[in-house]
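Down below is the structure, laid out as structure tokens.
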Amino acid sequence: MDLGIRGRRALVCASSKGLGRACAVALAAEGVHVTITARGGEALAATAAHIRSVYPDVDVAEVVGDITTPQGREAALKAAGDIDILVNNAGGPPPGDFRDWTRDDWIKALDANMLTPIELIKASVDGMMARKFGRIVNITSAAVKAPIDVLGLSNGARAGLTGFVAGIARKTVRENVTINGLLPGPFNTDRIRGNTRKPGMSEADLDEAIKARGLENPAGRIGEPQEFGQFCAFLCGANAGFITGQNILLDGGAYRGTL
Ligand code: NAP
């Protein structure tokens, strides 16, 4: 399927690894020029090199920086130019007990998972509306639909972003600018490997533990990042202009509700 976005420009935040990387690769496969970001330069350079080698017609800009800071966002936006597609992503907050969280912990979570996407939307949405094309995808979490008790920081920050987007997504769509949330369940990324790893575990034991975790899912497995990336690219497609303000779960059916 040709998604009709060849030659468009995307900023994909937090994209040297995992779900962000998969979104950048899937967009590049559609001929979209991508700006990718991460704090660590090495993995980012490797991802940029991969995209350049597989999709030589695509321009790839890499920006090393923390997207949750004003400087990180400014550098990313400057490198990306007039973007048609924005994929908001950043690391998730740590788990814990809410009794231990300070105001600073909350501000950090809100900065990363609520205010950073809002700032990037603010910086890019008017240009998209003026040009009559824009696709904004916020990578959030299945916890938006089914909050997880130990992930209170994530539940709170992502709910805030989701509420904000629900309002403006109905304002922008008239100009062919859509804003949607993609809600990952368990996906095979460094993050899930880090969360599953116990002290002293070998890589083989870790693979087994992740496999066991997958068996708890209705699909009998966890998701692969490219499945997420492909769906993100579809939502960014020319023919996805009638989908806005939605929060779409990609979780193998783990969420048991009908709505
Ligand atoms: P991941 O595999 O750990 O990859 C995270 C990527 O984001 C890396 O490229 C990392 O590079 C970059 N990054 C993190 N913080 C950043 C920052 N402040 N500024 C710039 N880049 C940053 O994580 P993932 O599994 O893809 O998760 C992506 C998002 O989905 C997270 O918010 C996570 O909570 C959420 N999520 C994931 C799952 C899952 O099963 N994988 C499930 C639910 C929700 P650097 O470290 O070098 O910056």
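These numbers come from a predicted model, not from an experiment.
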Handout entry: Test item: N188 side-chain N/O and G223 main-chain N/O as donor-acceptor pair under 3.5 Å
Key = no
Handout entry: Flag, side chain of R73 to backbone of I67, donor-acceptor distance under 3.5 Å
Key = yes
Practice task
Can you see which heavy atom on N89 is nearest to which on C13, and at what distance?
Solution key: CB-O, 3.2 Å
Practice task
Could you state whether I179 and F228 fall into the same hydrophobic cluster, counting links through intermediate Ile, Leu, Val, Met, Phe, Trp or Tyr residues with side-chain heavy atoms under 4.5 angstrom apart?
Solution key: no
Practice task
Scan residues 138-153 for pairs that pass salt bridge (Lys or Arg N to Asp or Glu O under 4.0 Å), counting only residues two or more places apart or in two chains.
Solution key: none
Handout entry: Which residues share a side chain to side chain contact (heavy atoms under 4.5 Å, CB included) with L3, sequence neighbours left out
Key = M1, I5, E30, A233, F234
Fill in the blank from the handout: Taken in chain and number order and not counting sequence neighbours, the residues that satisfy salt bridge (charged side-chain N to carboxylate O under 4.0 Å, His left out) with E42 are none
Exercise for the section: Kindly work out whether a path of hydrophobic side-chain contacts (I/L/V/M/F/W/Y, heavy atoms less than 4.5 Å apart) joins I168 to L115. Expected result: yes
Exercise for the section: Mind listing the closest non-hydrogen atom pair of A24 and I51 along with its distance? Expected result: CB-CD1, 4.2 Å
Handout entry: Closest contact, heavy atoms only, H50 versus V25
Key = CD2-CG2, 4.2 Å
Completion exercise
Quick note, salt bridge (Lys or Arg N to Asp or Glu O under 4.0 Å) partners involving residues 50-59, not counting sequence neighbours, are R52-E62
Handout entry: Spacing of E119 atom CD and T68 atom OG1 [to the nearest 0.5 Å]
Key = 12.0 Å
Practice task
Mark yes or no for whether N217, through its side chain, and D251, through its backbone, hold a donor-acceptor pair below 3.5 Å.
Solution key: yes
Fill in the blank from the handout: Those residues at least two apart in sequence (or on a different chain) that pass side chain to side chain contact (heavy atoms under 4.5 Å, CB included) with V150 are P95, I148
Practice task
Please check if the side chain of D66 supplies one atom and the backbone of R39 the other of a donor-acceptor pair under 3.5 Å.
Solution key: no
Practice task
Give me the one residue out of L183, V144, L182 that meets side chain to side chain contact (heavy atoms under 4.5 Å, CB included) with L249.
Solution key: L183
Exercise for the section: Scan for salt bridge (Lys or Arg N to Asp or Glu O under 4.0 Å) pairs involving residues 14-28, sequence neighbours excluded, and state none if there are none. Expected result: K17-D190
Problem - Joint hydrophobic cluster, V137 plus V12, side-chain heavy atoms closer than 4.5 Å - result: yes
Completion exercise
Sequence neighbours excluded, the answer for side chain to side chain contact (heavy atoms under 4.5 Å, CB included) partners of P218 is A254, R256
Practice task
May I ask you to decide if A169's main-chain N or O and T244's side chain share a donor-acceptor pair within less than 3.5 Å?
Solution key: yes
Problem - Main-chain N/O of N176 paired to R135 side chain as donor or acceptor, under 3.5 Å - result: yes
Exercise for the section: List in chain and number order the residues that pass salt bridge (charged side-chain N to carboxylate O under 4.0 Å, His left out) with R6, two or more places apart in sequence or in another chain; answer none if no residue qualifies. Expected result: none
Exercise for the section: Kindly compute the distance separating CZ (F242) from OG1 (T178), expressed to the nearest 0.5 Å. Expected result: 12.5 Å
Exercise for the section: Could I get the full list of salt bridge (charged side-chain N to carboxylate O under 4.0 Å, His left out) partners for E216, not counting sequence neighbours? Expected result: none
Exercise for the section: Please confirm whether the backbone N or O of S154 pairs with a side-chain atom of N113, one donor and one acceptor, at under 3.5 Å? Expected result: no
Completion exercise
Looking only at heavy atoms, the pair that brings C23 and I139 closest together is SG-CD1, 4.1 Å
Exercise for the section: State whether the side chain of T172 and the backbone N or O of V177 hold a donor-acceptor pair below 3.5 Å, judged by distance alone. Expected result: yes
Handout entry: Shared hydrophobic cluster, L120 / I36 (ILVMFWY, side-chain heavy atoms < 4.5 Å)
Key = no
Exercise for the section: Output every pair passing salt bridge (Lys or Arg N to Asp or Glu O under 4.0 Å) with a member in residues 162-185, not counting sequence neighbours, ordered by first then second residue. Expected result: K132-E175
Practice task
Please confirm whether the backbone N or O of S16 pairs with a side-chain atom of T47, one donor and one acceptor, at under 3.5 Å?
Solution key: yes
Practice task
Output all residues satisfying side chain to side chain contact (heavy atoms under 4.5 Å, CB included) with S53, sequence neighbours left out; order by chain, then residue number.
Solution key: none
Problem - Contacts of type salt bridge (charged side-chain N to carboxylate O under 4.0 Å, His left out), residue R191, not counting sequence neighbours - result: none
Handout entry: Flag, side chain of T116 to backbone of D111, donor-acceptor distance under 3.5 Å
Key = yes
Exercise for the section: Treating Ile, Leu, Val, Met, Phe, Trp and Tyr as nodes and any side-chain heavy-atom pair under 4.5 angstrom as an edge, say whether V173 and L235 lie in one connected cluster. Expected result: no
